[in-house]
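Worksheet for the structure shown next.
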Amino acid sequence: MSETIAQQLASRLNAALAKTDFAHDMPEGFSAQIDQAQNRQFGDYQSNAAMILAKQLKRNPREIATAIAGTFDGGEFSEKPEIAGPGFINFRLTTTALEERFKALLDDPALLGVAQVEVPQTIVTDFSAPNVAKPMHVGHIRGTIIGDCLVRMSRFIGNNVVSDNHIGDWGTQFGMIIWGWKNLLDKSAIEADPIPELLRIYREVNAKQKDDAELAEACREELVKLQGGDEENLAIWEKTIEVSKIGLQKIYDRLEIEFDYWLGESFYNSQLAPLVDELMAAGIAEESDGAICVFFPDDEKMADKPAIIRKSDGGFLYATTDLATIDYRIKQLKADAAWYVVGAPQQLHFDQIFEISRRRGQNADLQFIPFGSILGKDRKMLRTRSGDTVQLADVLDEAVERAYQIVDKKNPDFSEKEKRDIAEVIGIGSVKYAELSQFRMTDYIFDWDTMLALKGNTAPYLINAYVRTRAIFRKLGSDFEPGGAITLTADAEKDLVLKLAQFSETVPAALSDFRPNTLANYLYELATTYHKFWEACPVLKEEGAVRETRLALCELTGQVLRKGLGLLGIRTTEKM
RNA sequence: GCACCCAUAGUAAAAUGGAUAUUACGUCGGUUUCCGGAGCCGAAGGUCCAGGUUCGAUUCCUGGUGGGUGUACCA
């Protein structure tokens, strides 16, 4: 079952086109597309091929649509197409086709109809990438969760996806941290819980050095010593990274995110000087005001904005590191593509390094996948009352605690452990879903009440729909048994089957433009379609084939919801 | 200055150039002898402005307005 319904209809439609009297007048390579119907009152699928052809053939679109409908052979698959409006061709699947599709999906629990890519690509994904020595704050949520979701989806369709956490472990902040370590460190605090202590000294030094030129200079000197290989400073640096990674890993564990590699900025240090030399030798880079730069005179976005790859004092910048990183990913990791899930403000930077990569003759498919900001209710950057950035760990804690309160109120008789487990699934799931359910570029307002609402397009609603699919089998007293008779009688059943079949069309669509919200919206629609089925079609009081069919619908809905939420990185629970 | 991103009901969001612009929250009304009502059914309310391309524009192009961001030695 590698073809989607849309693809099968498209094949039949193109066969019909070849049989029309204008078949030879069509533009070369013309291939008609089939879309899911915008509005179900018109049918299940639609094509606007007649209107496109009408323009090119200079003929009446309805006339062309009628001709296509006349040669269209729907077989047992599709009813006779209908012509509507200015020239839409509308298709409705036969009950037989839906039943066959339904059986095929039941036989394919691993993929649920989603086709595998013909030629798997090696794709390196770059996301999350926090600075070490600073805890992750809410700003890191989006990239981390969106990146992880893209990894899951891309793996699911068969690609070889490598996740790489390009942590910021080599920057100017280390001058401040090392100075703070030497002068401000509370030894007992660093042993008890290193992350808050590191944050404390970083914040303290950072605040002071802003209007203390002497301190700023002292920090720079510590940085120079570190870069020069000073043993004491290197030891502090290593220790800092070690404890930071442990702290970061705790959060990733909680989010159930794994990285194949943690190749931070420092990993590329030795490759920076040769890279700059190579770019100079190739004539791509040139000296300007003492710095080594690459210019882009032909691109209006960057015409007056050079990329600096070496400072006049000899130091390297993150553009240099990112170029070395591209090298490594192509040469060592054998990447066909690299996806960068990074905040929108970095657009220019990635335009520049991607262009430099192209000039070097590299042809990997480099994708910048930007996202917008998270704002507080006042539409400004989210901050705590004291003005600090909000830490990610605190967000997760609060989400889980709020979820616990709801579960506890709703189901006080659940065991304490059950309530805690459920709260973890719902709390973390809600934070993730709030991110993934909207277009990644729009700035979004962080609001607990919206995120954890029990109704509407939220994680609790979707998880609840899944719980309902399970509740049936609890009531039944046994798990689903495959192989039962299938017969679709009610419209609500057919609507649900069609929706379930469209999972296979949704995953590739969501991935094609890096939009997890397409999948999230699909799951929400699936849940509402299921709830409508639930209202219209009693299950356990029926008998025979109708009962078996409806049990199978509950089972398959549960499978698609669990799989779909899983692709978003969200777990399900059996009860809530 | 230059560049990039964004603009859709009271609020928050959807919509490969397609039909009557789709949801949610909130508001108002209906619905429960039934498998989890955390549901379902219904009502009111909207594409920043001006041009252009098109049979057709929320979508593409041009110019405004408003907001955000970036822009030679941070990342």
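First the proteins, then the strands, lettered A, B, ... as listed; each starts at 1.
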Rounding to an integer number of Å, can you tell me how far [X] [atom1] sits from [N] [atom2]?
{"X": "F91(A)", "N": "rG18(B)", "atom1": "CZ", "atom2": "P", "answer": "17 Å"}
{"X": "Q38(A)", "N": "rG56(B)", "atom1": "CD", "atom2": "C1'", "answer": "14 Å"}
{"X": "N464(A)", "N": "rG36(B)", "atom1": "CG", "atom2": "P", "answer": "11 Å"}
{"X": "Y444(A)", "N": "rA7(B)", "atom1": "OH", "atom2": "P", "answer": "18 Å"}
{"X": "Q438(A)", "N": "rA12(B)", "atom1": "CD", "atom2": "P", "answer": "11 Å"}
{"X": "K532(A)", "N": "rC40(B)", "atom1": "NZ", "atom2": "P", "answer": "7 Å"}
{"X": "M441(A)", "N": "rU58(B)", "atom1": "CE", "atom2": "P", "answer": "22 Å"}

Which nucleotide sits closest to the side chain of [X]: [options]?
{"X": "Q41(A)", "options": "rU20(B), rG36(B), rC35(B)", "value": "rU20(B)"}
{"X": "F88(A)", "options": "rA24(B), rA19(B), rG36(B)", "value": "rA19(B)"}
{"X": "W534(A)", "options": "rA14(B), rC35(B), rC4(B)", "value": "rC35(B)"}
{"X": "K541(A)", "options": "rC40(B), rA12(B), rC34(B)", "value": "rC34(B)"}
{"X": "Q46(A)", "options": "rC5(B), rG18(B), rA14(B)", "value": "rG18(B)"}

Quiz: residues 29-45 of chain A side-chain donor-acceptor pairs under 3.5 angstrom, not counting sequence neighbours:
| residue | atom | partner | partner atom | Å |
| --- | --- | --- | --- | --- |
| Q36(A) | NE2 | E505(A) | OE1 | 2.8 |
| N39(A) | OD1 | Q41(A) | N | 3.1 |
| R40(A) | NE | G43(A) | O | 3.4 |
| R40(A) | NH2 | D44(A) | OD1 | 3.1 |
| R40(A) | NH2 | D495(A) | OD1 | 3.2 |
| D44(A) | OD2 | L93(A) | N | 2.8 |
| Y45(A) | OH | Q502(A) | NE2 | 3.1 |
| Y45(A) | OH | E505(A) | OE1 | 3.1 |
| Y45(A) | OH | E505(A) | OE2 | 2.9 |

Nearest-nucleotide comparison on RNA chain B, the residue closer to the 5′ end among N457(A) and H531(A): N457(A)
How would you list, by chain and number, every residue that makes a ring-ring contact (aromatic ring centres under 6.0 Å, His included) with [X], sequence neighbours excluded?
{"X": "F127(A)", "result": "F259(A)"}
{"X": "Y202(A)", "result": "none"}
{"X": "Y404(A)", "result": "none"}

Below 3.5 Å, can you tabulate the donor-acceptor pairs from side chains in residues 287-302 of chain A to any protein atom, sequence neighbours excluded?
| residue | atom | partner | partner atom | Å |
| --- | --- | --- | --- | --- |
| D299(A) | OD1 | K301(A) | N | 2.8 |

D277(A): what forms a salt bridge (Lys or Arg N to Asp or Glu O under 4.0 Å) with it, not counting sequence neighbours? none
Those residues that, when tested against R547(A), pass salt bridge (Lys or Arg N to Asp or Glu O under 4.0 Å) (two or more places apart): none
Roughly how far apart, to the nearest Å, are rU33(B) and rU20(B) at atom C1'? 40 Å
With rounding to the closest Å, how many angstrom separate the C1' atoms on rU47(B) and rA15(B)? 11 Å
With distance as the sole criterion, is a donor-acceptor pair present between the side chains of N457(A) and S437(A) under 3.5 Å? no
Review item, side-chain donor-acceptor pairs of residues 341-349 of chain A, under 3.5 Å, at least two apart:
| residue | atom | partner | partner atom | Å |
| --- | --- | --- | --- | --- |
| H349(A) | ND1 | Y318(A) | OH | 3.4 |
| H349(A) | NE2 | D322(A) | OD2 | 2.6 |

Kindly say whether the aromatic ring centers of F514(A) and F368(A) come within a distance under 6.0 Å. no
Grab the N/O contacts between the protein and nucleotides 66-75 of chain B below 3.5 Å, and write none if there aren't any.
| residue | atom | partner | partner atom | Å |
| --- | --- | --- | --- | --- |
| rA72(B) | N6 | S288(A) | OG | 3.1 |
| rA72(B) | N1 | S288(A) | OG | 2.5 |
| rC73(B) | O2 | S312(A) | N | 2.7 |
| rC73(B) | N3 | S312(A) | OG | 3.3 |
| rC73(B) | N4 | D289(A) | O | 2.8 |
| rC74(B) | OP2 | K311(A) | NZ | 3.3 |
| rC74(B) | O2' | T172(A) | OG1 | 3.0 |
| rA75(B) | OP2 | Y318(A) | N | 3.2 |
| rA75(B) | O3' | E265(A) | OE1 | 3.3 |
| rA75(B) | O3' | E265(A) | OE2 | 2.3 |
| rA75(B) | N6 | Y318(A) | OH | 3.0 |
| rA75(B) | N1 | Y318(A) | OH | 3.4 |

Between rA13(B) and N521(A), counting only base atoms on the nucleotide and side-chain atoms on the residue, is there a donor-acceptor pair under 3.5 Å? no
Encoded 5' to 3' (Watson-Crick or G-U under 3.5 Å; [ ] crossing; | other strand), RNA chain B becomes (((((((..((((....[...)))).(((((.......)))))....(((((..]....))))))))))))....
Which residues in residues 51-61 of chain A have at least one heavy atom lying under 4.0 Å from any atom of RNA chain B? M51(A), K55(A)
Where at least one partner belongs to residues 516-539 of chain A, residue pairs that pass salt bridge (Lys or Arg N to Asp or Glu O under 4.0 Å), sequence neighbours excluded: K499(A)-E525(A)
Mind checking if Q347(A) touches a base, just sugar-phosphate, or nothing, with heavy atoms under 4.0 Å? sugar-phosphate
